[in-house]
Q: 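Below is one structure. I have some questions about it.
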Amino acid sequence: MTNELQPVRGTRDLIGEDQRRHHHVVETARRVAAGYGFDEWTTPIFETTAVFARTLGETSDVVTKEMYTFQDRGGDSVTLRPEGTAGVCRALVSNGLTQSLPQKVFYAGPMFRYERPQKGRYRQFHQIGIELIGPSEPLADAEVIACGWHIIDALGIAASTVLEVNTLGDRESRQAYRDALIGYFTARKDRLSEDSLMRLDRNPLRILDSKDAGDRAIVAEAPTIAAYLTPEAAAFYDTLRRHLDRFGVPFRENPRIVRGLDYYGHTAFEFVTDALGAQGTVMGGGRYDGLVAEMGGPHTPAVGWAAGIERLAMLLHEAPSVPGTVAVVPVNEQAEPAAIDALQQLRRAGIRAEMAYRGNMRRRMERANRIGARAAVILGPDDIAQGVAQVKDLVSGTQEPVSLDALADRLK
RNA sequence: GCGGGCGUAGCUCAGAUGGUAGAGCGCCAGGUUGUGGUCUUGGAUGCCGUGGGUUCGAGUCCCAUCGCUCGCCCCA
């Protein structure tokens, strides 16, 4: 196979079972989110680069190294969206919807990140997500999490995931905690891994989720944010946990969940699994009260999550089955016109029906079997003369004549 | 950007010490011109990832390169 015919690194085709799994995840999420009152938005898959760069910090690694950024023919810098939230917030502001809160948004679609592919990690991947924009009450956070849990449960994978919840506190809490962590890790810098020494400089909170065994021992003794929460932040977190219990959502507290950017505060959560190798997070989210303002809109509280469709699809225990079809089988070429009539009668009645394009009867029966048809409608000259078709149940093997105008009713 | 593993038929894979490429599944056709699944007979299929080197001779050894994969880093 030549290079040119290979898919670009980190992209892949969704065909057959892959596509069915993908589709099932999206449809399930769409249905459950609709039940919580979320409306679907479709925003462009590329935006002006500033939409992402501004919210991510102009010089961070993710902006400089991991975004698909291009100049278009007019010379403008555009970027394939690396995540969904920024575009939704831009659309909120562009459409003047900051005056019509709350907004409850569901989205699904492709995202793009220039990363080294590995298990559960692609350059073009797909996410579903919801954003609840407007409310600042922890009830909103609880509802958003409940919706996510509900989707995971509806997909039948609740047993293989765990919901972990944490609070990042308010700005004051975060600053105090950050200072405390820097003090703690600096006092132990001779025992930190090389990677974590870098983190101490650039992003000390990330030491908390280091994979290095030595680091983890140090992290286990590190202070948690609980002692540094302001009374307001502590009350917010208490209320959230109480609501989660009320919503019936099982969770575990994990004080090591962190977020890298300043606009995050209070709630942070992840649904994690150990079934996907190094990519343990299946759904992640939290409260981002500062984001809309950073994009140039009015201060607008918001909370949401995003989930990787590929990762959810991999967790599905079995692939959604192919829909049963009815195979129409003309015995010979002379029977084809009558077969076409039967075919269209079934389709108009909403029954999935197919007819092979060539081959003798035997071939067409083999084909019917291969595509997993549930029944065959067999039409030969004798049948047509009598105004019937032979309807054969391909599972049981039983066959009986059915009046031509009763086919759809019989095969419903 | 860094490290491990792997590239042989459509798919999964076998090919000791170098001797001119195989199996299973799938596919096509016959046994069966109005009946699928099971059975049976026959058939097609390969730039052995690519380029170079060593050799009388390379799928096999050496070098390079590309790709896939798992992990590190990063994770909005």
Side-chain angles (χ1 to χ4, degrees), chain A residues 1-12 16 51-57 60-67 79 81-89 111-122 125 127 129 193-196 198-199 202-203 205-206 209-212 257-264 268 270 276-281 284-286 288 291 294 304-306 308 327 329-335 356 359-384 389-399 401:
Chain A
M1 197 184 302
T2 69
N3 259 5
E4 287 171 356
L5 287 182
Q6 294 209 311
V8 170
R9 185 203 293 274
T11 67
R12 59 183 208 140
V51 168
F52 306 111
R54 186 189 299 182
T55 57
L56 296 174
S60 65
D61 270 17
V62 293
V63 170
T64 56
K65 291 203 278 216
E66 292 174 20
M67 295 202 314
T79 295
R81 62 184 186 191
E83 51 103 14
T85 306
V88 167
C89 290
M111 308 289 166
F112 305 84
R113 296 180 186 179
Y114 193 83
E115 297 180 294
R116 192 65 174 259
Q118 49 186 295
K119 187 178 179 69
R121 201 175 210 198
Y122 307 94
F125 60 106
Q127 287 188 329
S193 69
E194 203 173 318
D195 284 331
S196 283
M198 299 280 290
R199 296 184 180 110
R202 300 169 53 179
N203 198 350
L205 294 211
R206 282 291 168 200
D209 53 19
S210 170
K211 288 175 181 171
D212 181 89
I257 293 178
V258 297
R259 289 289 182 267
L261 298 166
D262 283 345
Y263 54 72
Y264 288 107
E270 294 179 355
L276 294 179
Q279 267 58 21
T281 302
Y288 52 95
L291 179 57
E294 276 197 39
W305 52 252
V329 178
V331 162
N332 55 29
E333 206 167 321
Q334 287 67 44
N360 58 25
M361 179 183 185
R362 179 186 151 88
R363 285 271 159 261
R364 284 168 145 155
M365 286 300 289
E366 280 177 356
R367 163 94 189 153
N369 191 57
R370 199 181 323 136
I371 65 177
R374 60 189 170 97
V377 172
I378 301 161
L379 283 144
D382 300 347
D383 306 304
I384 296 167
Q390 301 297 326
V391 173
K392 181 166 189 174
D393 185 314
L394 290 178
V395 180
S396 67
T398 59
Q399 179 172 318

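The shown structure was predicted, so the numbers you read here are calculated from the model rather than taken from an experiment. Heavy-atom basis, side chains included; hydrogens, waters and symmetry copies ignored.
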Q: Just call it for V51(A): base, sugar-phosphate, or nothing, with non-hydrogen atoms closer than 4.0 Å on any strand.
A: nothing
Q: Give the minimum heavy-atom separation between D383(A) and L379(A), together with the two atoms involved.
A: OD2-C, 3.9 Å
Q: Counting only heavy atoms from other residues, nucleotides and ligands, does the tally under 6.0 Å from OH of Y263(A) exceed 12?
A: yes
Q: For the side chain of L394(A), starting at C-beta, report the closest nucleotide among C72(B), G36(B), G34(B).
A: G36(B)
Q: Could you tell me whether the side chain of P82(A) reaches within less than 4.5 Å of the side chain of M111(A), counting heavy atoms only?
A: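 Not in contact.
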Q: State which residues pass side-chain hydrogen bond (donor to acceptor under 3.5 Å, both in side chains) with Q127(A); sequence neighbours excluded, sorted by chain then number.
A: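 For Q127(A), no residue satisfies side-chain hydrogen bond (donor to acceptor under 3.5 Å, both in side chains) once neighbours in sequence are set aside.
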Q: May I ask you to verify whether the side chain of K65(A) and the base of G1(B) hold a donor-acceptor pair under 3.5 Å?
A: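 Per atom types, no contact qualifies.
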Q: Charged N to carboxylate O under 4.0 angstrom, E294(A) versus R54(A)?
A: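 A salt bridge is absent here (no side-chain N lies under 4.0 Å from a carboxylate O).
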Q: With sequence neighbours excluded, tell me which residues meet salt bridge (Lys or Arg N to Asp or Glu O under 4.0 Å) with R259(A).
A: E270(A)
Q: Can you list everything that forms a salt bridge (Lys or Arg N to Asp or Glu O under 4.0 Å) with R113(A)? Sequence neighbours excluded, please.
A: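 Once residues adjacent in sequence are excluded, R113(A) has no partner under the salt bridge (Lys or Arg N to Asp or Glu O under 4.0 Å) criterion.
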Q: Kindly write out the residues that satisfy side-chain hydrogen bond (donor to acceptor under 3.5 Å, both in side chains) with N360(A), not counting sequence neighbours, or none if the list is empty.
A: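 Partners of N360(A) under the side-chain hydrogen bond (donor to acceptor under 3.5 Å, both in side chains) test: none.
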Q: Using every non-hydrogen atom in the two residues, find where C89(A) and L291(A) come nearest and quote the distance to one decimal.
A: SG-CD2, 3.8 Å
Q: Heavy atoms under 4.0 Å, any strand shown: does R199(A) hit a base, just sugar-phosphate, or nothing?
A: sugar-phosphate
Q: Could you grab the distance from atom CE of M198(A) to atom OG of S193(A), nearest 0.5 Å is fine?
A: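 It comes to 11.0 Å.
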Q: Would you state whether a donor and an acceptor, one from the side chain of R121(A) and one from the base of C75(B), lie under 3.5 Å apart?
A: yes
Q: Under 3.5 Å, is there any donor-acceptor pair linking the side chain of D383(A) to the base of G34(B)?
A: yes
Q: Grab the CE-C1' distance between M361(A) and G34(B) for me, whole Å please.
A: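 About 5 Å, once rounded to whole Å.
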Q: Rounded to the nearest Å, what distance is computed from the CE atom of residue M111(A) to the C1' atom of nucleotide C74(B)?
A: 19 Å
Q: What pairs with R362(A) under salt bridge (Lys or Arg N to Asp or Glu O under 4.0 Å), at least two apart in sequence or on another chain?
A: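 Only E366(A) meet the salt bridge (Lys or Arg N to Asp or Glu O under 4.0 Å) criterion with R362(A).
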Q: What distance, rounded to whole Å, do you find between the two P atoms, one in G49(B) and one in C68(B)?
A: 16 Å
Q: Side chain of K392(A): nearest nucleotide among C75(B), G71(B), U35(B)?
A: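 Output: U35(B).
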Q: Which stems does RNA chain B form, counting runs of 3 or more consecutive Watson-Crick or G-U wobble pairs with both distances under 3.5 Å?
A: B:1-7 with B:66-72, B:10-13 with B:22-25, B:27-31 with B:39-43, B:49-53 with B:61-65
Q: Could I get a table of every N or O pair under 3.5 Å where one atom is in the protein and the other is in nucleotides 38-46 of chain B?
A:
none

Q: Rounding to an integer number of Å, can you tell me how far K119(A) NZ sits from C72(B) C1'?
A: 17 Å
Q: Might you list the N or O atoms of the protein lying below 3.5 Å from N or O atoms in nucleotides 3-7 of chain B, with each pair's distance?
A:
none

Q: What is the nucleic acid contact for N360(A), judged by heavy atoms within less than 4.0 Å: base, sugar-phosphate only, or nothing?
A: nothing
Q: Please examine the side chains of M361(A) and I378(A), heavy atoms only from C-beta on, and report whether any two atoms are closer than 4.5 Å.
A: yes
Q: Return the value, rounded to whole Å, for the distance between atom CG of D212(A) and atom P of C72(B).
A: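 Checked: the CG to P distance equals 12 Å.
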Q: Suppose you measure atom P in G26(B) against the same atom in U35(B); what distance do you get, rounded to whole Å?
A: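 Result for the P pair: 23 Å, nearest Å.
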Q: Looking only at atom C1', what distance separates G24(B) and A16(B), rounded to whole Å?
A: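 These two C1' atoms come out 23 Å apart once rounded.
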Q: If I pick the P atom on G7(B) and the same atom on G59(B), what distance separates them, to the nearest angstrom?
A: 16 Å
Q: Is A29(B) in the syn range, within 90° of 0, or in the anti range?
A: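 Glycosidic conformation of A29(B): anti.
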Q: Can you sort out the partners of R367(A) under side-chain hydrogen bond (donor to acceptor under 3.5 Å, both in side chains), two or more places apart, ordered by chain and number?
A: none
Q: Is T11(A) close to Y122(A) at the side-chain level, that is, under 4.5 Å between some pair of heavy atoms?
A: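 Answer no - side chains too far apart.
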Q: Just how far, in rounded Å, is C1' of C74(B) from CZ of R202(A)?
A: 9 Å
Q: Heavy atoms only, 4.0 Å cut-off, all strands: where does N203(A) land among base, sugar-phosphate and nothing?
A: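 Result for N203(A) = sugar-phosphate.
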Q: Would the base of U35(B) count as contacting Q390(A) through its side chain, where contact means a donor and an acceptor less than 3.5 Å apart?
A: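 In this structure, the two groups form no donor-acceptor pair.
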Q: Side-chain N or O of Q118(A) versus OP1/OP2 of C70(B): is the shortest distance under 4.0 Å?
A: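 No, outside the criterion.
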Q: For A278(A), which contact category applies under a 4.0 Å heavy-atom criterion: base, sugar-phosphate, or nothing?
A: sugar-phosphate
Q: Give me the distance, rounded to whole Å, that separates A44(B) from A29(B) when you measure between the P atoms they each carry.
A: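 These two P atoms come out 15 Å apart once rounded.
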Q: With sequence neighbours excluded, tell me which residues meet salt bridge (Lys or Arg N to Asp or Glu O under 4.0 Å) with R81(A).
A: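 Once residues adjacent in sequence are excluded, R81(A) has no partner under the salt bridge (Lys or Arg N to Asp or Glu O under 4.0 Å) criterion.
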Q: Hey, does R113(A) reach any base, or is it just sugar-phosphate, or nothing, if we go heavy atoms under 4.0 Å?
A: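 The residue R113(A) makes base contact.
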Q: If you assign G277(A) and G10(A) each to the RNA chain B nucleotide with the nearest heavy atom, which residue ends up on the more 5' nucleotide?
A: G10(A)
Q: Could you work out the separation of U60(B) and A9(B) based on their P atoms and round it to a whole Å?
A: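 Rounded to whole Å, the distance is 15 Å.
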Q: Taking only the P atom of each, what is the distance from G46(B) to A21(B) in whole angstrom?
A: 12 Å
Q: Could you give the distance separating G43(B) and A23(B) at their P atoms, to the nearest angstrom?
A: 12 Å
Q: Given G37(B), G34(B), C68(B), which nucleotide is nearest the side-chain atoms of N369(A)?
A: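 For N369(A), the side-chain atoms sit closest to G37(B).
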Q: Any base atoms under 4.0 Å from Y264(A), or only sugar-phosphate, or nothing? Heavy atoms, all strands.
A: sugar-phosphate
Q: Please identify each residue that fulfils side chain to side chain contact (heavy atoms under 4.5 Å, CB included) with P381(A), with sequence neighbours left out.
A: N332(A)
Q: Less than 4.5 Å apart, any side-chain heavy atom of L394(A) and any of M365(A)?
A: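 A side-chain contact exists here, since the closest heavy-atom pair is under 4.5 Å.
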Q: Below 4.0 angstrom from OP1 or OP2 of C72(B), is there any side-chain N or O of K211(A)?
A: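 Affirmative; the distance criterion is met.
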Q: Just the table, please: protein N/O against nucleotides 24-29 of chain B N/O, every pair under 3.5 Å.
A:
residue : atom : partner : partner atom : Å
A29(B)  : OP2  : R363(A) : NE           : 3.2

